[in-house]
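Structure, as structure tokens:
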Amino acid sequence: MDVTTISVLLVDDDPMVRNGLKMVLRGDPGLVVVGEAGDGRQAVGLARELKPDVVLMDLQMPVLDGVGATRELHKYPDAPAVLVLTTFHLDTYVLDALSAGARGYLLKDVPPTEIARAVRLVAAGESVFSASITQRLVQQVADPAAAPLADAARRALAALTEREREVAEAVAAGRSNATIAAQMYMSEATVKTHVSRILTKTGSENRVQVALLVYQAQSARG
């Protein structure tokens, strides 16, 4: 397999959905489907065996749901990037999936080309959300009950330089490294360096957690 090829494991309890996703991903020569799973438990086993770059994960499944499977995968070294693709957009599903370690969250009504693009982005370490999911995250952290989290987020982001804060806000807006580089007149390598420093300074594991911190800190400002 070519080193630039991104391997994908499809996880959905509906065979028709899996077949549809295979057709979508096969349209991109840089993506290859290496396996399929019909439940979360099977997904964990296949992921450990096949070592895919990305797991395209449904949420509502028998035996072990997508959140549980994502949480188990996140425990292993060199865990694959998990991209949730589901019909469920309730706040609890979104936050549970992201807390479990998912790197992106898309609804199944997104255009097929967006799915392939999202797979590439999460494989590169970036985060991807459907627009409606981003809106729900903002609403969730703006809830008065989230005030303690907002204060903690504001303290975490206070450790960043002004430029790092700008990059963090761009990450929270769902922009890719290439887009950030173009908008801020810097190289992609410099953007990656800034993101790495942001992760270290805020104690975040990935870009999703950085995005949540930014949303929480913004809610603190009212």
Side-chain angles (χ1 to χ4, degrees), residues 4 6 53-55 70-71 73-84 91 94-106 114 117-222:
T4 60
I6 297 171
D53 299 307
V54 177
V55 175
T70 299
R71 186 173 291 112
L73 287 174
H74 196 59
K75 296 176 182 177
Y76 297 111
D78 301 320
V82 174
L83 172 60
V84 171
D91 295 342
V94 177
L95 293 176
D96 286 350
L98 298 182
S99 297
R103 198 172 288 172
Y105 199 112
L106 294 181
E114 180 63 19
R117 172 181 173 274
V119 168
R120 287 185 167 280
L121 286 174
V122 297
E126 302 192 25
S127 54
V128 183
F129 306 102
S130 291
S132 60
I133 296 303
T134 300
Q135 183 179 14
R136 284 182 174 276
L137 288 172
V138 172
Q139 292 171 343
Q140 179 73 15
V141 299
D143 190 296
L149 291 177
D151 290 339
R154 187 169 50 185
R155 290 194 297 270
L157 294 176
L160 304 182
T161 64
E162 182 177 353
R163 195 58 160 171
E164 288 167 350
R165 180 61 182 261
E166 292 174 350
V167 172
E169 291 178 348
V171 167
R175 296 175 190 148
S176 66
N177 286 347
T179 300
I180 296 172
Q183 291 180 339
M184 296 188 179
Y185 305 101
M186 63 177 87
S187 68
E188 283 192 56
T190 300
V191 174
K192 290 180 180 178
T193 297
H194 280 309
V195 171
S196 179
R197 289 174 179 167
I198 292 166
L199 293 174
T200 299
K201 289 183 178 182
T202 62
S204 302
E205 293 185 12
N206 52 50
R207 295 166 72 101
V208 171
Q209 292 184 2
V210 171
L212 292 175
L213 280 177
V214 172
Y215 294 144
Q216 289 162 350
Q218 289 174 342
S219 74
R221 296 199 297 263

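Note that the coordinates shown come from a computational prediction; the quantities given were computed from them, not determined experimentally.
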- [ ] Measure the CG-CG distance between L106 and L83 for me, rounded to the nearest 0.5 Å.
- [x] 5.0 Å
Open item on the list: Among residues at least two apart in sequence or on other chains, which ones pass salt bridge (charged side-chain N to carboxylate O under 4.0 Å, His left out) with R175?
Closed with: none
Task: Sequence neighbours excluded, every pair satisfying side chain to side chain donor-acceptor pair (under 3.5 Å) that has a member inside residues 189-199 - done: S187-T190
Open item on the list: So which atom in A81 and which in R103 form the shortest heavy-atom distance, rounded to 0.1 Å?
Closed with: CB-NH1, 3.4 Å
Task: Criterion salt bridge (Lys or Arg N to Asp or Glu O under 4.0 Å) on E162 and R165, from CA distance to verdict - done: CA-CA 5 Å; E162 182 177 353; R165 180 61 182 261; over 6 Å; no
TODO: Output the distance between atom CD (E164) and atom CG (L199), rounded to the nearest 0.5 Å.
DONE: 10.5 Å
Task: salt bridge (charged side-chain N to carboxylate O under 4.0 Å, His left out) involving E188 - partner list, sequence neighbours excluded - done: none
TODO: Kindly compute the distance separating CG (D53) from CG (D78), expressed to the nearest 0.5 Å.
DONE: 11.0 Å
Task: Verdict with reasoning, V191 to Q183, per side chain to side chain contact (heavy atoms under 4.5 Å, CB included) - done: CA-CA 11 Å; V191 174; Q183 291 180 339; over 6 Å; no
What pairs of donor and acceptor atoms, side-chain ones from residues 119-128 against any protein atom, are under 3.5 angstrom apart with sequence neighbours left out?
residue	atom	partner	partner atom	Å
R120	NE	D28	OD2	3.1
R120	NH2	D28	OD1	2.9
E126	OE1	N177	N	3.1
E126	OE2	N177	N	3.2

- [ ] Apply side chain to side chain contact (heavy atoms under 4.5 Å, CB included) to T202 and L160, showing your working.
- [x] CA-CA 8 Å; T202 62; L160 304 182; 4.1 Å; yes
- [ ] Identify the heavy atoms of T70 and A97 that sit nearest to each other, and give their distance.
- [x] CG2-O, 4.3 Å
Open item on the list: With a 4.5 Å cut-off on side-chain heavy atoms, are E114 and R117 touching?
Closed with: yes
Task: side-chain contact (heavy atoms from CB on, under 4.5 Å) partners of A158, counting only residues at least two apart - done: none
